[in-house]
Number of protein chains: 2
Amino acid sequence: MSLQHSLLVLLSESPATGYELSQTFKKGVGYFWKASHQQIYLQLKKLSEVGWLEFVIEVQRGKPDKKIYQITEAGKAVLNAWLSSEVKPPKTNDALLVMIYGGKHVKPDVLIKEIERHKSIHSKGLKKLLDIETLYLSLSDDEKKKYRLPYLTLRRGISGEQSWLVWAEEVLIELMSD
Amino acid sequence: MSLQHSLLVLLSESPATGYELSQTFKKGVGYFWKASHQQIYLQLKKLSEVGWLEFVIEVQRGKPDKKIYQITEAGKAVLNAWLSSEVKPPKTNDALLVMIYGGKHVKPDVLIKEIERHKSIHSKGLKKLLDIETLYLSLSDDEKKKYRLPYLTLRRGISGEQSWLVWAEEVLIELMSD
DNA sequence: AAATAATATGCAATTAGTTGCATATTATTT
DNA sequence: AAATAATATGCAACTAATTGCATATTATTT
């Protein structure tokens, strides 16, 4: 179950609160992992109970207290073992493709509308990723070296979105030629 | 929950057994939906109970009996309503990207080996999809028209694999330049 | 000969993920 | 003023998916 490993990877970089991690998934690395805040808190608790994470509580004024988690040596050992293991490719379950597959039962307009809506979502997603890339490319060479591997994952996020958008254009052209 | 809708879409094409549907997901349309046979049987049972599917039992010699499911009129109505609804884009949870993101904790060789392994899996997957495309392209124009929309989904399967393989090459070149 | 695969279906325990709800305070928007 | 968002954490019910196991027979592979 790789949510735990995703959390360990992120925390191996720097300590963080559950909320910060939730935001990271929402805004930063959602192109390769997504999880609800409830799931994240649940797993952080479990990881703490087995000793792979520890936390300090920081009291705040005007806001709830923070629990800042950081990875333990045991957590690092587990993470390193996992990083040397084999993982399964992700499974694809894409409801839009199911819709297109069965699309002969509805009018092309219906499909076109939904594909346009998804196109808009993907375009926004791509823009976010390109903004992150712009930020990365503005770093000094030393800093770039530090984030080289995360940048490679971002490249996948970007290339995946771009290829999706190219395909969506192909589909729209085909549907509109009716 | 779109496994039910995936099953309705497939059965709107022609009646099938749970086993055949399971094979279809394994060999034909796994690029946009995957499900275990247990999950498929569970959902077929549910869909039958609510009247969206019905089945006939066919006795076989030397093999277990078959249950051939087909969509009902109620099922078609539900499917049509769903085909006109909005669906969410799929969520991506890719453990290989998590590994690459945290890859500074292991030697490049370790990452390279796992990426090569995934590359092999993806290449085989692409070859399967290209074989299906070859089959489609060998059809008569009339038959092609019949499968035009499923072919568009296949195009996504293919373009997704191709873009992944291009990206993987980029990553390997970067990792091997160390 | 034994193990595995294929054909076909299914039970059930376990794990993973989703959704709604909640607490409490401040800031911003409607 | 009321509603919503942001900051932060969390409980719990429900749904979805995974995994292991099972039945029974034949065919193929080791």
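Just so it is clear, the values below take in all heavy atoms, side chains as well, and ignore hydrogens, waters and symmetry mates.
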Margin query: Checking Ser120(A) against Arg117(A): is there a side-chain donor and acceptor pair closer than 3.5 Å?
Written below: no
**Q.** Shared hydrophobic cluster for Leu139(A) and Leu152(A) (ILVMFWY, side-chain gaps under 4.5 Å)
**A.** yes
Separation of dC11(D) atom C1' from Lys45(A) atom NZ, nearest Å, is 9 Å
Leu21(B) atom CG is separated from dA8(C) atom P, nearest whole Å, by 13 Å
Report which part of the nucleic acid Ser36(B) touches: base, sugar-phosphate, or nothing (heavy-atom distance under 4.0 Å, all strands). base
Return the polar atom pairs (N/O with N/O) between nucleotides 20-24 of chain D and the protein under 3.5 Å, or none.
{"unit_1": "dG20(D)", "atom_1": "N7", "unit_2": "Gln38(B)", "atom_2": "NE2", "d": "3.3"}
{"unit_1": "dG20(D)", "atom_1": "O6", "unit_2": "Gln38(B)", "atom_2": "NE2", "d": "2.3"}

* Asked: Any chance the side chains of Glu133(B) and Tyr151(B) put a donor and an acceptor closer than 3.5 Å?
  -> yes
Sorted by number, residues from residues 82-93 of chain A placing a heavy atom under 4.0 Å from DNA chain C are none
Classify the ring geometry of Phe32(A) against Tyr101(B): parallel below 30°, tilted from 30° to 60°, perpendicular beyond 60°. tilted
Lys/Arg N to Asp/Glu carboxylate O, Lys144(B) vs Asp141(B), below 4.0 Å: yes
Would you call Lys46(A)-Glu49(A) a salt bridge at under 4.0 Å N-O? no
From CG of Leu47(A) across to P of dA16(C) the rounded distance in Å is 11 Å
The dot-bracket string of DNA chain C, counting Watson-Crick and G-U wobble pairs with both distances under 3.5 Å, using [ ] for crossing pairs and | for pairs to another strand, is ||||||||||||||||||||||||||||||
Gln43(B) atom CD is separated from dC11(C) atom P, nearest whole Å, by 13 Å
To the nearest angstrom, the NZ-C1' distance between Lys66(A) and dT7(D) comes to 9 Å
Q.
Between Glu116(A) and Lys113(A), does any side-chain N to carboxylate O distance fall below 4.0 Å?
A. no
To the nearest angstrom, the CD1-C1' distance between Ile40(B) and dA8(C) comes to 13 Å
Does a side-chain N or O from Gln23(B) land closer than 4.0 Å to OP1 or OP2 of dT7(C), or not? yes
Is there a donor-acceptor contact under 3.5 Å linking the side chains of Thr153(A) and Tyr31(A)? yes
Taken to the nearest whole Å, NZ/Lys67(B) to P/dG10(C) is 4 Å
Exercise. Decide, yes or no, whether a salt bridge links Lys119(A) with Glu169(A) under the criterion of side-chain N to carboxylate O below 4.0 Å.
Key: yes
message: For the backbone of Leu175(B) and the side chain of Arg148(A), can you confirm whether one donor and one acceptor N or O come within less than 3.5 Å of each other?
response: no
Whole-Å distance, Gln39(B) CD to dT19(D) C1', equals 12 Å
Salt bridge (Lys or Arg N to Asp or Glu O under 4.0 Å) filter on Glu170(A), not counting sequence neighbours, yields Arg155(B)
**Request:** Establish, for the pair Lys34(A) and Phe25(A), whether the NZ or CZ atom is under 6.0 angstrom from the six-membered ring centre and no further than 45 degrees off its axis.
**Result:** no
- Is any side-chain heavy atom of Met99(B) closer than 4.5 Å to a side-chain heavy atom of Ser85(A)? yes
* Asked: Is Tyr19(A) near enough to dT9(D) that one of its side-chain N or O atoms lies under 4.0 angstrom from OP1 or OP2?
  -> no
Numerically ordered, the residues 48-56 of chain A set in heavy-atom contact under 4.0 Å with DNA chain C is none
Per nearest nucleotide of DNA chain D, the residue lying toward the 5' end, Ala35(B) or Tyr69(A), is Tyr69(A)
**Asked** Do any side-chain nitrogens or oxygens of Lys34(A) fall under 4.0 Å of OP1 or OP2 in dT18(C)?
**Response** no
Taken in chain and number order and not counting sequence neighbours, the residues that satisfy salt bridge (Lys or Arg N to Asp or Glu O under 4.0 Å) with Lys107(A) are none
So, OP1 or OP2 of dG10(D): does either fall under 4.0 Å of a side-chain N or O from Tyr41(A)? no
